[in-house]
Amino acid sequence: MSEARLWNAVDDYFTGRLLGDDPDEALTAALRASDAAGLPPIAVSPLQGKLLHLLARIQGARRVLEIGTLGGYSTIWLGRALPADGQLITLEYDPRHAEVAVRNIARAGLAERVEVRVGPALESLPKLADEQPPPFDLVFIDADKANNPHYVEWALRLTAAGSLIVLDNVVRGGRVADPDNTDPDVVGTRAALEMFATHPRLDATAVQTVGVKDHDGFALARVVS
């Protein structure tokens, strides 16, 4: 068995054992609708979605910010972790993606809890900050990787001590560790990781993963002050 087939088989094993064999209708429909609309197949895996859900619940999160909605698959996982009066704001650059996400989120029964804001995140984030919202308990960053350091900066402005920042896709097939790789997405990811490592308000780690999403990983940072 090849490495990739083995990784997928283990992912399938964990998914069956830990998430159950019966498909979740809302999540399955979200992926199906995203695929039918031609969205790129880059949503988090089911196991990663469940991890986000558990992290939000461990945090006791009432307010979540997501940067990068795509078709709303990860949004549904996060939204389900919130109490009935919780709020999730998710930012999506592409209006077509946002339309698909809004329908998927409504189908999952989360329309009252989730707000999709459309436009470049680096324009939406200053507007959000101007509203002076209460701090977000969890921020999930999964948008264009070249701007990752800017997204981390905004996450710090919009959180408080005890909040959690999750940065997705930090391994990128190992390219993050290749000093000769100057792809903007890799450079942006390295810069964000450097912030995680050196910023006095952050305490962080990173985990590399293999499976249905190939070789990748995520970084976690707790806001400490």
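Keep in mind it's a predicted model, so treat the numbers as computed, not measured. Hydrogens, waters and symmetry mates play no part in the numbers below; they use all other heavy atoms, side chains included.
- Between Ala101 and Gly72, the closest heavy-atom pair is CB-N, 3.8 Å.
- Asn147 and Asp144 form a side-chain donor-acceptor contact under 3.5 Å, judged by distance and modelled atom types alone.
- Checking side-chain atoms of Arg113 against main-chain N and O of Gly79 turns up a donor-acceptor pair under 3.5 Å.
- The environment of CD in Glu131 is crowded: more than 12 heavy-atom neighbours from other residues, nucleotides or ligands sit within 6.0 Å.
- Inter-residue side-chain proximity for Leu138 and Leu78 is flagged as met; some heavy-atom pair is nearer than 4.5 Å.
- In this structure Glu115 satisfies the side chain to side chain donor-acceptor pair (under 3.5 Å) test together with Arg117, sequence neighbours excluded.
- Cluster annotation: Leu82 and Ile105 are assigned to the same hydrophobic cluster (Ile/Leu/Val/Met/Phe/Trp/Tyr, side-chain heavy-atom contacts under 4.5 Å, transitive).
- Distance check: Arg32 CZ to Asn104 CG gives 10.0 Å after rounding to the nearest 0.5 Å.
- For Gln48 (side chain) and Gly217 (main-chain N/O), no donor-acceptor pair under 3.5 Å exists by modelled atom type.
- Residues Glu153 and Leu156 have side chains not in contact (no heavy-atom distance under 4.5 Å, counting atoms from C-beta outward).
- Leu220 is listed as a side-chain neighbour of Leu55, based on a closest heavy-atom distance under 4.5 Å.
- Under a cut-off of 6.0 angstrom, the local environment of CZ in Arg57 is sparse, with at most 12 non-hydrogen atoms contributed by other residues, nucleotides or ligands.
- From Ile67, atom CD1 reaches atom CG of Leu91 across 6.0 Å, with rounding to the nearest 0.5 Å.
- Connection of Val186 to Leu167 is not established within any shared hydrophobic cluster, with ILVMFWY side chains joined at heavy-atom distances below 4.5 Å, either directly or through further cluster members.
- The backbone N or O of Gln87 sits nowhere less than 3.5 Å from a side-chain atom of Arg63 that would complete a donor-acceptor pair.
- For the atom pair OG1 of Thr15 and NZ of Lys50, the computed distance is 10.5 Å after rounding to the nearest 0.5 Å.
- Using modelled atom types, one side-chain atom of Asp216 and one backbone atom of Val171 make a donor-acceptor pair closer than 3.5 Å.
- At a threshold of 4.5 Å between non-hydrogen side-chain atoms, the residues Val139 and Val64 do not count as touching.
- Of all the heavy atoms in Thr69 and Glu92, the pair that sits closest is N-OE1, 3.1 Å.
- Between the side chain of Asp203 and the backbone N or O of Arg222 there is no donor-acceptor pair closer than 3.5 Å.
- With sequence neighbours excluded, the residues satisfying side chain to side chain contact (heavy atoms under 4.5 Å, CB included) with Ala37 are Leu39, Val100.
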With side chain to side chain contact (heavy atoms under 4.5 Å, CB included) as the test, would you mind laying out the steps for Thr209 and Phe218 before giving the verdict? CA-CA 8 Å; Thr209 60; Phe218 57 91; 4.0 Å; yes

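- Using a 30° and 60° split on the angle between ring planes, His53 and Trp77 fall in the perpendicular class, above 60°.
- A 4.5 Å side-chain heavy-atom check between Arg80 and Leu110 finds at least one atom pair inside the cut-off.
- For the atom pair OG (Ser45) and CG (Asp11), the distance works out to 5.5 Å, reported to the nearest 0.5 Å.
- Distance check, rounded to the nearest 0.5 Å: CG of Asn8 to NZ of Lys213 gives 11.0 Å.
- Of the possible polar contacts, none joining the Ser74 side chain to the Val44 backbone as a donor-acceptor pair under 3.5 Å is found.
- Every residue two or more places apart in sequence or in another chain that forms a side chain to side chain contact (heavy atoms under 4.5 Å, CB included) with Ala43 is listed here: Leu31, Leu70, Tyr73.
- No salt bridge links Asp178 with Arg172; every basic N to acidic carboxylate O contact stays at or beyond 4.0 Å.
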Set out, in order, the CA-CA distance, both residues' side-chain angles and the distance that settles salt bridge (Lys or Arg N to Asp or Glu O under 4.0 Å) for Arg5 and Asp12, then state yes or no. CA-CA 10 Å; Arg5 288 181 62 192; Asp12 290 343; over 6 Å; no

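- Rounding to the nearest 0.5 Å places CD1 of Ile141 at 12.0 Å from NE2 of His150.
- Note on Tyr151: it does not cluster hydrophobically with Val118, by side-chain heavy-atom contacts below 4.5 Å among ILVMFWY residues.
- A single hydrophobic cluster is seen to contain both Val10 and Leu18, as judged by linkage of ILVMFWY side chains at heavy-atom distances under 4.5 Å, directly or through other members.
- Transitive grouping of hydrophobic side chains (ILVMFWY, heavy atoms separated by less than 4.5 Å) keeps Leu158 and Val166 in distinct clusters.
- A donor-acceptor pair is defined here as one N or O able to donate and one able to accept, closer than 3.5 Å; such a pair exists between the side chain of Ser163 and the backbone of Ala160.
- Closest approach of Leu47 and Leu19 over heavy atoms only: N-CD1, 4.1 Å.
- Residues Pro126 and Trp154 have side chains in contact (heavy-atom distance under 4.5 Å, counting atoms from C-beta outward).
- Taking every heavy atom of both residues into account, Pro133 and Phe136 meet most closely at CG-CE1, 4.3 Å.
- For Asp137 (side chain) and Arg62 (main-chain N/O), a donor-acceptor pair under 3.5 Å exists by modelled atom type.
- Other residues, nucleotides and ligands place more than 12 heavy atoms under 6.0 Å from the CZ atom of Phe196.
- The shortest heavy-atom contact between Ala155 and Ile165 is CB-CD1, 3.8 Å.
- Contact check for Leu128 versus Leu65: side-chain heavy atoms found under the 4.5 Å cut-off.
- The two atoms that bring Ala146 and Asp185 nearest to each other are N-OD1, 3.2 Å, heavy atoms only.
- Between the side chain of Asp168 and the main chain of Asp142, no donor-acceptor pair closer than 3.5 Å is present.
- Using a 4.5 Å heavy-atom cutoff, the side chains of Val114 and Ile76 are not in contact.
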